[in-house]
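A quick write-up on the structure given underneath.
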Protein chains: 2
Amino acid sequence: MNRIPTSESANKCSTCVLGQFCLPVGLNQEEIGKIDSLVTERVRLKKGDALYRQGDTLTAVYGIKFGTLKTEYTLPDGREQITGFHLPGEMLGLDGIGNNQYQSNAIALEDSEACIVKFNEFEILARQIPSLQHQFHRILSKELTQDQRHLLSLGSLRAEERLASFLLNFSDRLAARGYSPSEYHLRMSREEIGSYLGIQLETVSRLFSRFTESGLIQIKQRHIKLIDMDGLLELAGKSSAIHCATHT
Amino acid sequence: MNRIPTSESANKCSTCVLGQFCLPVGLNQEEIGKIDSLVTERVRLKKGDALYRQGDTLTAVYGIKFGTLKTEYTLPDGREQITGFHLPGEMLGLDGIGNNQYQSNAIALEDSEACIVKFNEFEILARQIPSLQHQFHRILSKELTQDQRHLLSLGSLRAEERLASFLLNFSDRLAARGYSPSEYHLRMSREEIGSYLGIQLETVSRLFSRFTESGLIQIKQRHIKLIDMDGLLELAGKSSAIHCATHT
DNA sequence: CGAGCGTTTGAAATCGGTCAACAGCAGTGG
DNA sequence: CCACTGCTGTTGACCGATTTCAAACGCTCG
């Protein structure tokens with residue numbers, strides 16, 4: 001994990017393609033320009049690196065520039081719960097604002113980069129730019145909604161429903177970023193998927209096999225192809241629309 | 001559900017005992033005075049009334065003045081997931097900011113009252129009062145942390161661990177509000193507890209019986225007495241400190 | 001090429017779910 | 001004041017989805 005000035009790679013918010021997901025949503029060019037001076041550094045992470053860890057003092061929140069991260073809680077007895085998988089344009093570290101300490105670990109699942117948003121400077125700027133303030137509120141709120149949908153999944157759905165909606169959720173979020181909605185690479189292990197969904201890795205594996213037999217998907221290693229979207233929707237979504245992209 | 005002007009009952013933020021949990025945390029007297037003019041009305045709810053419903057357009061967020069509310073998602077097939085039980089001083093409706101529509105139903109579990117915070121006016125004021133802005137960020141962030149702890153519970157704990165940490169969580173939150181940490185009234189049914197914890201009402205009932213036999217609690221109807229806190233902590237918390245009051 | 005994960009698959013065990021009967025208490029109305 | 005009714009909660013018996021334990025397979029990377 002090392003820091004690099006954003007100028008080095010000449011990537012500023014004002015030119016970033018992720019603007020439509022991230023902090024700049026709803027801002028005009030002039031306002032985005034002001035953010036450029038706020039976000040002057042990025043962090044480069046290698047697979048497995050931590051962006052932050054539970055207990056670290058919060059000084060910044062982050063926007064994912066590229067890559068995939070997971071956030072997780074670890075219990076003293078070794079059990080762990082993954083609370084989210086995070087894609088470019090999403091913000092991380094928000095759970096640390098409450099008492100100035102990150103409440104979870106954020107770990108890179110592949111080589112990734114995150115933009116550093118110094119939080120006290122951000123709050124100052126947000127007071128000057130109403131649309132920035134509002135967008136931040138929206139981001140926090142959507143994060144809440146996302147977690148609550150996840151709660152619904154863990155609390156009310158059966159294993160196959162959870163997995164189906166997980167696959168569709170990724171499909172939507174990747175599609176929104178211009179990737180194929182029907183074919184993508186899972187950056188996480190079966191165990192991590194299981195942790196996220198509150199089931200065992202063996203169950204995940206068995207379900208993938210079952211879905212394949214039913215002609216719903218094709219999967220080879222971590223490369224997955226969604227064959228029968230309607231079938232998956234029926235499994236996951238007949239009962240709900242949990243997967244539906246709440247990530248803008 | 002009817003609206004009443006706050007002046008009527010002469011209860012303003014500046015004199016409200018819940019200030020230590022709610023929006024005014026960290027504000028000085030003068031600043032709190034400004035909030036008074038923002039929060040000019042309250043809503044009175046009878047048991048069973050909805051403060052808002054999924055899909056309603058958001059115009060305000062709420063602070064609970066007294067009473068207890070639940071927030072829930074309902075699936076088309078009838079299953080429902082309760083995502084939270086909310087006590088005085090907590091804010092509600094935050095999940096609606098993301099796209100201007102409440103994402104859940106908020107239902108009163110007993111006669112309750114909530115202060116109306118008109119959201120667009122609030123944002124204006126928050127730009128003028130840095131400590132108000134920051135406190136709102138903290139509230140949102142803590143809400144996130146709370147949900148993630150809940151995720152951990154549903155994803156990684158066994159039924160008895162979930163119930164034990166549920167009881168301790170309430171204990172802490174009530175204690176913070178000046179009530180007894182060891183004896184309180186459950187405002188929700190076994191079914192609602194089960195929904196919140198992702199288990200069946202029969203399981204909740206059986207566990208209460210088991211806890212009673214083990215001398216951990218005494219329970220009569222919905223009145224519960226926590227006898228052996230350490231024992232409960234061992235069940236719930238040996239593996240974690242999930243229950244620990246994140247609500248300020 | 002071999003070591004070591006990550007993954008798949010099978011068989012047995014179990015926690016919690018489902019179905020069902022009943023008990024307790026609250027409210028209603030005769 | 002006491003049935004009657006209905007809702008909430010308790011308890012039992014059985015069932016089944018998921019976990020657990022175990023073994024084998026197959027990438028991937030040094």
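Throughout, protein chains are lettered first and strands after them, A, B, ... in sequence-line order, and every chain is numbered starting at 1. As the structure is a prediction and not an experimental result, all values here were calculated from the model.
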### Parallel, tilted or perpendicular, as decided by the 30° and 60° cut-offs, for the rings of A:Y62 and A:Y52
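Plane angle under 30°, so parallel.
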
### Message
Under a 3.5 Å threshold, yes or no: a donor from one side chain and an acceptor from the other, between B:T71 and B:H86?
### Response
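Distance-only check passes for B:T71 and B:H86.
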
### Query
Nearest to the side chain of A:S205, which nucleotide is it out of C:dT9, C:dC19, C:dG17?
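Shortest atom-to-atom distance from the side chain points to C:dT9.
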
### Proximity to the side chain of A:I199 - top-ranked nucleotide from D:dG9, D:dT19, D:dT11
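The nucleotide sitting nearest to the side chain is D:dT19.
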
In whole Å, I'd like the distance from the [atom1] atom of [X] to the [atom2] atom of [N].
X	N	atom1	atom2	value
A:R162	D:dT18	CZ	P	8 Å
A:E202	D:dA24	CD	P	16 Å
B:R190	C:dA23	CZ	P	18 Å
A:E192	C:dG6	CD	C1'	11 Å
A:L163	D:dA17	CG	C1'	15 Å
B:I193	D:dG9	CD1	P	8 Å
B:F208	D:dG9	CZ	C1'	11 Å
A:Q200	C:dC15	CD	C1'	13 Å

Let's test your reading of the model: under 3.5 Å, does the base of [N] pair with the side chain of [X] as donor and acceptor?
X	N	answer
B:R206	D:dG12	yes
A:R210	C:dT8	no
B:E191	D:dC7	no

#### Entry: Within-4.5 Å side-chain heavy-atom neighbours: B:L58 and B:Q101
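Not touching, per the 4.5 Å side-chain cut-off.
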
### Task
Hey, which sits more toward the 5' end of DNA chain D by its nearest nucleotide, A:Q221 or A:T203?
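Nearest nucleotide further toward 5': that of A:T203.
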
### Task
Nearest-nucleotide wise, let me know which of B:R222 and A:R158 is further upstream toward the 5' end of DNA chain D.
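Mapping each residue to its closest nucleotide by heavy atoms, the 5'-most match is B:R222.
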
#### Entry: Pi-cation contact, B:F21 with B:R177 (under 6.0 Å, within 45°)
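Yes, B:R177 lies over the aromatic ring of B:F21.
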
### Message
Both B:G198 and A:S209 contact DNA chain C. Which one's nearest nucleotide lies toward the 5' end?
### Response
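In this pair, the answer is A:S209.
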
### Query
Between A:Y179 and A:Y184, does the ring centre distance come in under 6.0 Å?
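Between A:Y179 and A:Y184, the centre distance exceeds or equals 6.0 Å.
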
